[in-house]
Number of protein chains: 2
Amino acid sequence: MKELPKISEAEWEVMKILWSRSPQTANEVIEALEGQMDWKPKTVRTLISRLLQKNAIAFQETGRTYLYYPLVSQDDYVQTETQSFVKRLYGGAVKPLLVHFLREQKLSSDEISELKRILDEKTEEGPDRDGRKDR
Amino acid sequence: MKELPKISEAEWEVMKILWSRSPQTANEVIEALEGQMDWKPKTVRTLISRLLQKNAIAFQETGRTYLYYPLVSQDDYVQTETQSFVKRLYGGAVKPLLVHFLREQKLSSDEISELKRILDEKTEEGPDRDGRKDR
DNA sequence: AATAAAAGATTACATCAGTAATCCAAATGA
DNA sequence: TCATTTGGATTACTGATGTAATCTTTTATT
């Protein structure tokens with residue numbers, strides 16, 4: 001597994017913009033964040049620079065400006081972060097977290113149905129038959 | 001809901017020790033972390049100090065030493081942190097996270113049964129019955 | 001051409017976090 | 001009693017993070 005650079009919370013906001021669409025110029029990113037993050041343009045540029053240093057993003061030069069794009073996938077990130085989060089808060093035990101959510105969060109009945117369906121799938125597979133990723 | 005002080009990752013390790021049993025002396029905490037965190041005793045003491053400053057823990061004096069105990073519950077913490085984590089990574093949408101876990105993690109059939117049971121409860125309650133404001 | 005505007009590079013500065021070491025006062029041991 | 005150990009308080013130092021401003025170089029304006 002490749003090493004994912006650490007991305008701070010502020011940097012994450014920039015990544016989200018680039019994950020949602022890329023490549024984009026710095027100004028486009030700045031605009032996209034406007035009204036939502038209350039950051040000065042220079043701040044966003046700093047974050048972009050840091051993401052470059054971390055090799056989380058890269059750019060293609062087009063004339064005088066750069067077009068930035070992500071080098072890491074959001075999925076990989078979410079996966080990794082979730083893993084370490086669960087480990088940290090729940091000691092790696094996923095069930096307590098699931099129980100927590102199922103109990104505390106409001107889920108629509110559609111969502112509940114879908115979750116049930118997924119659980120059914122798992123039941124069919126059986127708990128000992130481990131290893132396959134079906135998605 | 002009361003304001004929970006921010007607890008860093010290193011501090012969290014100390015909190016876990018105190019949540020697992022309290023009150024404890026600094027030395028007991030240090031010992032409990034030994035072999036697991038590879039921290040010098042002074043480091044642990046620093047973390048304890050910082051947790052004191054943050055009012056995450058407190059102590060009773062007993063002679064020359066202090067007995068430390070948590071001021072915040074682990075549950076409150078897990079709750080709050082989970083909330084902000086999900087918000088940050090999943091845009092506040094819990095379902096994708098649940099789906100992610102149900103799919104990726106290996107759950108025993110017992111666990112699956114329990115989760116199903118919980119989902120059934122929710123179904124009975126109905127999806128429109130909302131009652132809590134969380135933001 | 002001289003000047004202003006704009007993009008990216010560099011520098012800034014405070015706070016937090018990780019990781020301790022040093023200082024001081026009380027208790028303990030010689 | 002004097003030196004040593006030990007608990008807690010204070011101080012230290014590095015790197016990351018939030019949040020920019022300034023500098024430099026190009027390009028667009030007048």
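Just so it is clear: chains get the letters A, B, ... in the order the sequence lines come, proteins before strands, and each one is counted from 1.
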Chemist: Would you state whether a donor and an acceptor, one from the side chain of B:Arg50 and one from the base of C:dT19, lie under 3.5 Å apart?
Modeler: yes

Chemist: Looking at A:Ala56 and A:Met15, what are the two nearest heavy atoms and their distance?
Modeler: O-CE, 3.7 Å

Chemist: Nearest whole Å is fine: how far is C:dA7 P from A:Leu47 CG?
Modeler: 17 Å

Chemist: Can you measure A:Glu9 atom CD to D:dT19 atom P for me and round it to whole angstrom units?
Modeler: 10 Å

Chemist: Roughly, in whole Å, what's the span from CH2 in B:Trp12 to P in C:dG18?
Modeler: 13 Å

Chemist: A:Lys42 or A:Ala10: which one's nearest nucleotide on DNA chain D is closer to the 5' end?
Modeler: A:Ala10

Chemist: More 5' along DNA chain D: A:Ile7 or B:Ala26, using each one's nearest nucleotide?
Modeler: B:Ala26

Chemist: Contact class for B:Arg64 (heavy atom, under 4.0 Å): base, sugar-phosphate, or nothing?
Modeler: sugar-phosphate

Chemist: Find the distance A:Gln60:CD to C:dA7:P and express it as a whole number of Å.
Modeler: 18 Å

Chemist: Where does the angle between the aromatic ring planes of B:Tyr68 and B:Phe59 fall among parallel (under 30°), tilted (30 to 60°) and perpendicular (over 60°)?
Modeler: perpendicular

Chemist: Mapping B:Lys54 and B:Lys40 onto DNA chain C by nearest heavy atom, which one lands closer to the 5' end?
Modeler: B:Lys54

Chemist: Can you tell me which nucleotide in D:dT26, D:dG8, D:dT17 comes closest to the side chain of A:Ser8?
Modeler: D:dT17

Chemist: Whole-Å distance between D:dA16 P and A:Glu11 CD?
Modeler: 11 Å

Chemist: Between C:dA9, D:dT26, C:dA21, which one does the side chain of B:Thr46 approach most closely?
Modeler: C:dA21

Chemist: Look at the side-chain N and O atoms of B:Asn27 and state whether any lies under 4.0 Å from the OP1 or OP2 oxygen of D:dG7.
Modeler: yes

Chemist: Looking only at the side chain of A:Ser49 (C-beta and beyond, no hydrogens), which of the listed nucleotides C:dT10, D:dT27, D:dT10 gets closest?
Modeler: C:dT10

Chemist: Under a 4.0 Å threshold between the charged nitrogen and the carboxylate oxygen, would A:Glu81 count as salt-bridged to B:Arg88?
Modeler: yes

Chemist: Output yes when at least one side-chain N/O atom of B:Tyr66 is less than 4.0 Å from OP1 or OP2 of D:dA9, else no.
Modeler: yes

Chemist: Determine whether any donor atom in the side chain of B:Arg45 lies under 3.5 Å from an acceptor atom in the base of D:dA9, or the reverse, and answer yes or no.
Modeler: no

Chemist: Please determine, for the side chain of A:Trp39, which listed nucleotide (D:dT19, C:dG8, D:dG8) has the closest atom?
Modeler: D:dT19

Chemist: Please check if the side chain of B:Glu13 supplies one atom and the backbone of B:Leu33 the other of a donor-acceptor pair under 3.5 Å.
Modeler: no

Chemist: Can you tell me the distance, in whole Å, between the CE atom of A:Met37 and the P atom of D:dT19?
Modeler: 7 Å

Chemist: Donor-acceptor pair, B:Glu11 side chain versus B:Leu51 backbone, under 3.5 Å?
Modeler: no

Chemist: Rounding to an integer number of Å, can you tell me how far A:Ile48 CD1 sits from D:dA20 P?
Modeler: 15 Å

Chemist: Round to the nearest Å and state the distance from A:Lys6 atom NZ to C:dG18 atom P.
Modeler: 12 Å

